[in-house]
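Comments concern the structure below.
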Amino acid sequence: MHSDFFTRDPVDCARDLVGCEFVWKGCSGKIVETEAYRTVGDEACHTFFRPAVRDFVARCAPGDAYVYLNYGVHWLFNIVVKGKGGDGFVLLRALEPVAGLEEMRQRRGGISDKLLTAGPGRLTQALGIGRGDHGLSFLETEGCAIVPGKPSELVSGPRIGISKAKDLPWRFGDRDSGYLSRKF
DNA sequence: GCCAGGATGTTA
DNA sequence: AACATCCTGGCG
C-alpha cells in the first residue's frame, strides 16, 4: 500500500485499514481495530493541546509513523494522515497475529496468543516498535508494508480511554475477531 | 469474571 | 495534573 492512501479523510483511512495486514520487520498481523483522530476540532487529539505535535504533523509526510509514550509505559503506534479535508492520525489498536509468532511471544514474555497483540500497547511491544520508530516513513522502509484486505464484518463505536469527545464513533473493528482490545 | 491500584515519562 | 494502557492480585 502506498503513502497516498493517507492523503484522504482520517476517519475513512481508519475504517479502510481494518482487514488489511500490517507487516513489520519479520512479523505481521491482520488489523482488527483502529481509531481515527483529527488534528482540527477533535479535543481528544494530541494536536489540540500540544504545539509540538502540531509542528510534527506540519513537518512530516502522509503515511509516516507517529509514535509516542503513553502513561509513561507503553508506546502507541499511529499513522499520519494528511487529507484534503483535514489532517489526523490512525491509531492501530489491535492485530490478529499472522507471522513471526515466536518472535512476538518472546517479546511479550510468553503470554497467551490471545493477548499477544490485542491492544495498542501490546501490539507495539510484540512488534518491537518504540521511540526509534517515531517519524519513520515505514511504508518506504524495507520489511514494512500494509497489504490491502477486508474485514468479515466492519463495526464502529466510541473511542476508548479518552475523556474528551468521547461520543464520536471513530473506533473501527472487525466484529467477530478474537483479538479486539475490547468488544464493541 | 470483575474491579482497584500501581507503574511510569512527558507535556503544558 | 493529566494521560489514546497493561498487569496483578483480591475477591468469591
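Chain A is the first sequence line, chain B the second, and so forth, proteins listed ahead of strands; every chain is numbered from 1.
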Scanning all shown strands, the Watson-Crick or wobble mate of B:dT8 with both distances under 3.5 Å is none

- prompt: Stacking between A:Tyr71 and the base of B:dG9 (centre distance under 5.5 Å, interplanar angle under 30°)?
  reply: no

Check your understanding: Is the closest side-chain donor-acceptor distance between A:Ser152 and A:Asp176 under 3.5 Å?
Key -> no

Taken to the nearest 0.5 Å, the spacing of A:Leu116 CG from A:Arg105 CZ works out to 6.5 Å

Quiz item: A:Leu69 near the nucleic acid: base, sugar-phosphate alone, or nothing, with a heavy-atom cut-off under 4.0 Å?
Solution: sugar-phosphate

Is it true that A:Arg159 and A:Asp42 have a side-chain N and a carboxylate O under 4.0 angstrom from each other? yes

Whole-Å distance, A:Lys164 NZ to C:dA4 C1', equals 13 Å

Separation of C:dA1 atom P from A:Phe49 atom CZ, nearest Å, is 17 Å

Rounded to the nearest 0.5 Å, the CG atom of A:Asp64 sits from the CD1 atom of A:Ile79 at a distance of 10.0 Å

Whole-Å distance, A:Asp55 CG to B:dA12 P, equals 9 Å

*Measure the acute angle between the ring planes of A:Tyr66 and A:His46, then classify it against the limits of 30° and 60° as parallel, tilted or perpendicular.*
perpendicular

_Short side-chain N/O contact to C:dA4 OP1/OP2 from A:His46, under 4.0 Å_ = yes

Under 4.0 Å, counting only non-hydrogen atoms across every strand here, what does A:Arg131 touch: a base, just sugar-phosphate, or nothing?
sugar-phosphate

* Classify the angle between the aromatic ring planes of A:Phe77 and A:Phe22 as parallel (below 30°), tilted (30 to 60°) or perpendicular (above 60°). => tilted

Heavy-atom nearest nucleotide on DNA chain C taken for A:Ile162 and for A:Arg108; more 5' hit belongs to A:Ile162

In whole angstroms, the gap separating C1' of B:dT8 from OH of A:Tyr68 amounts to 14 Å

For A:Arg171, which contact category applies under a 4.0 Å heavy-atom criterion: base, sugar-phosphate, or nothing?
nothing

Separation of C:dC3 atom P from A:Phe48 atom CZ, nearest Å, is 14 Å

What nucleic acid atoms does A:Arg159 come within less than 4.0 Å of, heavy atoms only: base, sugar-phosphate, or nothing? nothing

Quick note, A:Ile111 side chain, CB onward, closest among C:dC7, B:dA12, C:dA4 is C:dC7

A:Glu33 CD to C:dT5 P, in whole Å, measures 10 Å

Whole-Å distance, A:Arg182 CZ to B:dC2 P, equals 11 Å

In whole angstroms, the gap separating P of C:dC3 from CD of A:Glu43 amounts to 11 Å

Considering only heavy side-chain atoms of A:Asn78, the closest of B:dA12, B:dA7, C:dA4 is C:dA4

Exercise. So, is A:Arg122 close to the C:dC7 phosphate, meaning a side-chain N or O under 4.0 Å from OP1 or OP2?
Worked result: yes

Contact class for A:Ser181 (heavy atom, under 4.0 Å): base, sugar-phosphate, or nothing?
-> nothing

Note: for A:Asn70 and A:Pro51 on DNA chain B, the residue whose nearest nucleotide lies more 5' is A:Asn70

